[in-house]
Amino acid sequence: MQKEDEMPKFYVTTPIYYVNQPPHLGTAYPTIAADVIARYHRLFGQDVFFLTGTDEHGAKVAQSAESVGKSPKQFCDEIADQFKKAWGALNISNDHFIRTTDSEHERAVKWALQRLYDGEYVYRHKYEGLYCVGCEQYIPKSSLVQGKCPLHRKEPELLTEECYFFKLSQFQDELLTRISKRELKIEPVQRENEVLSFLRGEKLQDLAISRSKSKVRWGIELPFDRSHTTYVWVDAFLNYLTGIGWLWDGEKFERYWPADVHLIGKDILRVHATIWPSLLLALGVELPRKIFVHGFFTVNGQKMSKSLGNVIDPVFLAGKYGVDALRYFILGAFPFGQDGDFSLQRLEHRYNADLANDLGNLASRLLAMVEKYRGGIIPTSGKEMEIDLNLRRLAERAFLEADKCFREFAFSEALARIWEFIRGINKYIDEVAPWSLAKKEEQRERLDMVLYTALEGLRIVALLIRPFMPSTSKELWNQLSIEEKLETQRFPRALEWGLLKPGIEVKRGKPLFPRIK
RNA sequence: GGCGGUGUAGCUCAGUGGUUAGAGCACACGGCUCAUACCCGUGGAGUCGCAGGUUCGAAUCCUGCCACCGCUACCA
């Protein structure tokens with residue numbers, strides 16, 4: 001067993017969310033996943049850094065701010081605050097919340113731009129694009145509808161202006177090598193294939209990274225040409241570096257970089273697999289180890305969108321069903337790397353079946369029996385019979401298998417393993433039938449043993465679910481009246497069988513998950 | 001058009017060559033009575049999208065077709 005200070009560090013990120021939209025289910029998804037990952041690694045005593053934040057520059061933000069009569073900064077402050085509050089409500093344990101308008105970030109971005117410029121990775125060139133006067137920005141061909149801007153129903157004009165370009169094209173071979181050698185891992189593997197086939201089949205074009213200030217005022221100035229602001233890429237991607245102190249806290253940066261995993265949505269895979277590593281190569285910074293691509297949600301079979309009015313508010317759901325129920329459902333009901341269809345009906349089904357019936361009722365029935373048969377006092381364990389041993393083995397297997405799934409980010413699988421164990425305890429109780437033992441005085445010791453065994457199983461459950469459901473974990477821990485602080489429990493040691501102390505009075509509480517009618 | 005993905009029980013999904021294809025939920029029946037009308041057991045149920053092919057043997061490999069979806073970059 002390694003000592004804590006010898007454990008490897010772990011750095012996990014979410015995308016930074018564009019402030020044009022308040023938090024919703026789509027942004028909560030990778031955030032909850034990252035939180036679970038962070039909590040899991042902390043359980044092993046690892047030094048974890050978990051970063052999330054907001055992306056705040058750009059013409060769209062400036063426009064949105066103006067439309068509600070606010071300054072861009074003020075507007076961003078408010079939305080960033082909404083994100084922070086939302087993540088607080090979802091029990092997100094991020095170590096830092098980065099905003100691209102943070103002064104440390106802006107300074108670092110300028111420094112990076114200058115360095116790219118000095119290193120001749122950036123040059124001035126003509127940019128030709130379709131400009132929509134209504135949007136006051138260039139719009140990509142892909143978003144045109146019959147050649148017109150979908151928002152303003154107007155054909156955009158073809159404009160040419162001088163911009164600064166990043167020499168993305170020169171990194172093509174290097175990217176191909178790094179990704180195919182898996183120095184930069186992209187998972188699930190289908191996503192890696194997508195990227196590789198793209199890199200093999202198409203030529204990377206150099207990338208425009210600035211706009212004239214007249215077009216995008218709300219942005220970071222180029223240090224070598226103050227009439228331009230940098231456009232999206234350099235600004236946004238560098239958050240992964242500046243969020244852990246790059247150029248302002250060298251010690252911290254050295255400690256945590258490279259990122260162990262960037263969680264991203266499939267919509268931003270391509271840019272993360274091309275622009276981002278190229279920028280790092282140009283800056284001479286090590287590449288992240290892994291990019292993991294999660295799926296998207298539809299809602300009742302439909303795409304989630306503002307115009308359909310089916311945007312799901314995770315904070316509302318957490319309020320209605322409980323944070324842990326939401327976290328359990330989001331990660332338990334959908335394979336993380338695939339798309340999934342969200343519905344309240346499914347949420348309520350899983351809630352009743354898994355949380356209320358399996359887990360909640362288990363705690364309830366078990367603690368009730370301890371109260372009824374042993375005055376609430378945790379009994380001593382006794383002679384172990386085969387059936388007891390089997391439950392113990394089931395616990396060991398549940399952890400080993402869940403751990404394996406976990407390290408592949410197969411959260412729904414990991415939870416399924418844990419739930420197999422929970423069902424195993426229910427089954428154990430049925431088979432040993434403590435209510436029958438209680439009727440016979442000569443079975444006194446056997447009843448002690450049986451209750452102890454089941455309680456010990458419940459203690460293990462409390463630990464196993466901890467990264468996914470921190471509040472429930474804590475509540476179970478309290479109901480079992482365990483003296484040691486939950487926060488000090490470390491995997492895998494705390495999972496050893498038999499650590500539950502006898503002689504202590506349990507505190508049965510209200511049902512953990514009241515059934516939904 | 002190109003590249004890629006998906007299509008397995010009513011639902012959500014496992015299952016990448018080998019005994020009668022699996023899980024959870026839902027449904028039916030039985031058991032129990034400690035518990036949140038809960039838990040435990042048993043069961044029905046599937047031409048594994050369609051058609052060919054390779055093989056002693058295919059949901060699993062190959063070809064074609066059908067349906068749905070994603071990407072085809074410089075809006076995140």
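Every chain is numbered from 1 and lettered A, B, ... according to where its sequence line falls, protein lines coming before strand lines.
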Summary of salt bridge (charged side-chain N to carboxylate O under 4.0 Å, His left out) pairs that have at least one residue in residues 426-435 of chain A, sequence neighbours excluded: A/Arg365-A/Asp430
Sugar-phosphate only, base, or nothing, as touched by A/Asp358 at under 4.0 Å among non-hydrogen atoms: sugar-phosphate
Side chain to side chain donor-acceptor pair (under 3.5 Å) partners of A/Ser473, counting only residues at least two apart: none
RNA chain B contacts made by residues 420-431 of chain A, counting heavy atoms under 4.0 Å: A/Arg423, A/Asn426, A/Lys427, A/Asp430
Sugar-phosphate only, base, or nothing, as touched by A/Ala208 at under 4.0 Å among non-hydrogen atoms: base
Parallel, tilted or perpendicular, as decided by the 30° and 60° cut-offs, for the rings of A/Tyr127 and A/Phe165: tilted
Sugar-phosphate, base or nothing in reach of A/Arg417, heavy atoms under 4.0 Å: nothing
Partner residues of A/Glu194 under the salt bridge (charged side-chain N to carboxylate O under 4.0 Å, His left out) criterion, sequence neighbours left out: A/Arg191
With sequence neighbours excluded, residues passing side chain to side chain donor-acceptor pair (under 3.5 Å) with A/Arg182: A/Glu192
Sugar-phosphate, base or nothing in reach of A/Leu512, heavy atoms under 4.0 Å: base
Polar atom pairs (N or O), protein with nucleotides 5-8 of chain B, under 3.5 Å:
none

Which residue lies more 5' along RNA chain B, comparing A/Phe513 with A/Val271 via nearest heavy atoms: A/Phe513
A/Glu78: salt bridge (charged side-chain N to carboxylate O under 4.0 Å, His left out) partners, not counting sequence neighbours: A/Lys70
By salt bridge (charged side-chain N to carboxylate O under 4.0 Å, His left out) - contacts of A/Lys474 (at least two apart): A/Glu487
A/Ser364 versus A/Arg508, side-chain donor and acceptor atoms under 3.5 Å: yes
Touch class at under 4.0 angstrom, heavy-atom based, for A/Gly360 against every strand present: base
Residue list, side-chain contact (heavy atoms from CB on, under 4.5 Å) with A/Ser180, at least two apart or on another chain: A/Leu196, A/Arg200
Nucleic acid contacts of residues 370-379 of chain A, taken as heavy-atom distances under 4.0 Å to RNA chain B: A/Lys372, A/Tyr373
For nucleotides 9-14 of chain B, give me every protein contact, N/O to N/O, under 3.5 Å, one pair per line with atom names.
| from | atom 1 | to | atom 2 | distance (Å) |
| --- | --- | --- | --- | --- |
| B/rU12 | O2' | A/Arg346 | NH2 | 2.8 |
| B/rA14 | OP1 | A/Gln338 | OE1 | 3.4 |
| B/rA14 | OP1 | A/Gln338 | NE2 | 2.6 |

Lys/Arg cation over aromatic A/Phe329: A/Arg350, 6.0 Å, 45° cone: no
Touch class at under 4.0 angstrom, heavy-atom based, for A/Pro434 against every strand present: nothing
Pairing nucleotide - B/rC3, Watson-Crick or G-U, each distance under 3.5 Å: B/rG70
Summary of salt bridge (charged side-chain N to carboxylate O under 4.0 Å, His left out) pairs that have at least one residue in residues 265-280 of chain A, sequence neighbours excluded: A/Lys266-A/Asp339
Watson-Crick/G-U partner (both atom distances under 3.5 Å) of B/rA59: none
